[in-house]
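Please read the structure below before turning to the comments.
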Amino acid sequence: MPNKKYRVELTEEQQSHLFERLGRGERPAAEQTRVRALLKVDERTEGLAWTDARTAEALEVAKGTVAGIRRRFCERGLTGCFERKSPDREYERKLDGQQEAELIRLVLCHV
């Protein structure tokens, strides 16, 4: 297997946690796909890890999806693969509370 920038090497604890998440069957389909992808690309045991292309084909997703899952695992850990990242920037409010109330009043008057 060629050297990859983002290598997934799950600990036994992480692997059992993933099997537990998968086994209950109550998780959304997208999350189950992420779990399956992580388990397939786990490189802890030499020779058993699937390539991104093979994993993508088996799970019926794009190869880039598998690469993204691998990257998020390496950058943010196991929970980072399943939880959304908070935005990096904050947006300044365009209207204050009084202006917002006036806008809502105007919209509701014309409905």
Side-chain angles (χ1 to χ4, degrees):
M1 183 175 287
N3 286 340
K4 292 187 189 298
K5 182 176 180 180
Y6 301 107
R7 295 178 54 101
V8 174
E9 294 181 359
L10 299 170
T11 64
E12 298 229 359
E13 183 180 322
Q14 289 172 326
Q15 192 177 38
S16 67
H17 178 74
L18 289 174
F19 279 123
E20 184 180 316
R21 282 181 99 121
L22 194 58
R24 286 191 228 137
E26 348 178 294
R27 303 291 184 166
E31 185 176 321
Q32 289 184 17
T33 300
R34 287 187 215 105
V35 169
R36 286 188 174 96
L38 282 173
L39 291 169
K40 298 286 186 206
V41 299
D42 180 16
E43 297 180 30
R44 189 171 39 102
T45 311
E46 282 299 317
L48 297 179
W50 286 23
T51 63
D52 287 359
R54 181 177 177 198
T55 303
E57 184 178 338
L59 299 177
E60 296 180 345
V61 295
K63 188 176 165 186
T65 301
V66 177
I69 292 167
R70 181 189 296 274
R71 178 184 50 78
R72 279 190 300 277
F73 174 79
C74 293
E75 290 177 350
R76 295 188 257 160
L78 192 56
T79 56
C81 289
F82 305 110
E83 295 174 5
R84 290 184 149 227
K85 182 181 165 215
S86 300
D88 291 333
R89 50 187 257 211
E90 292 191 24
Y91 297 91
E92 189 176 317
R93 291 186 63 122
K94 303 282 186 198
L95 303 174
D96 64 18
Q98 191 172 15
Q99 291 170 325
E100 189 175 334
E102 179 64 16
L103 179 63
I104 292 169
R105 187 189 66 75
L106 289 171
V107 169
L108 292 177
C109 287
H110 295 289
V111 173

inquiry  = Looking at Glu102 and Arg105, is there a salt bridge between them, counting it only when a charged N and a carboxylate O are closer than 4.0 Å?
reply    = yes
inquiry  = Does any part of the side chain of Asp42, heavy atoms only, come nearer than 4.5 Å to the side chain of Phe73, both counted from C-beta?
reply    = no
ask   = Asp52 and salt bridge (Lys or Arg N to Asp or Glu O under 4.0 Å): which partner among Arg70, Lys63, Arg71, Lys5?
value = Arg70
task = Would you kindly confirm whether Tyr6 and Leu38 end up in one hydrophobic cluster when ILVMFWY residues are joined by side chain heavy atoms under 4.5 Å apart?
result = no
key: ILVMFWY cluster, Trp50 and Ile69 together (side-chain gap under 4.5 Å)   = no
query = Any donor-acceptor pair under 3.5 Å linking the side chain of Glu31 with the backbone of Pro28?
reply = no
message = Would Arg27 and Phe82 count as a cation-pi pair here, with the cationic atom under 6.0 angstrom from the ring centre and within 45° of the axis?
response = no
ask   = Between atom CG of Leu18 and atom CD of Glu13, what is the distance when rounded to the nearest 0.5 Å?
value = 11.0 Å
query = In Å and rounded to the nearest 0.5 Å, what is the CD to NE2 distance from Gln15 to His17?
reply = 12.5 Å
key: Arg44 side chain to Leu10 backbone, donor-acceptor under 3.5 Å   = yes
message = I need the minimum non-hydrogen distance between Glu43 and Arg7, along with the two atoms involved.
response = OE1-CZ, 2.9 Å
key: Value rounded to 0.5 Å, distance of CG in Leu59 from OG1 in Thr55   = 6.5 Å
Interatomic spacing from CZ in Arg72 to CG in Leu78 - rounded to 0.5 Å = 12.5 Å
key: Distance, nearest 0.5 Å, that separates CZ of Arg76 from SG of Cys81   = 7.5 Å
inquiry  = Taking Asp96's backbone N and O only, do any of them form a donor-acceptor pair with Gln99's side chain (distance below 3.5 Å, no angle check)?
reply    = yes
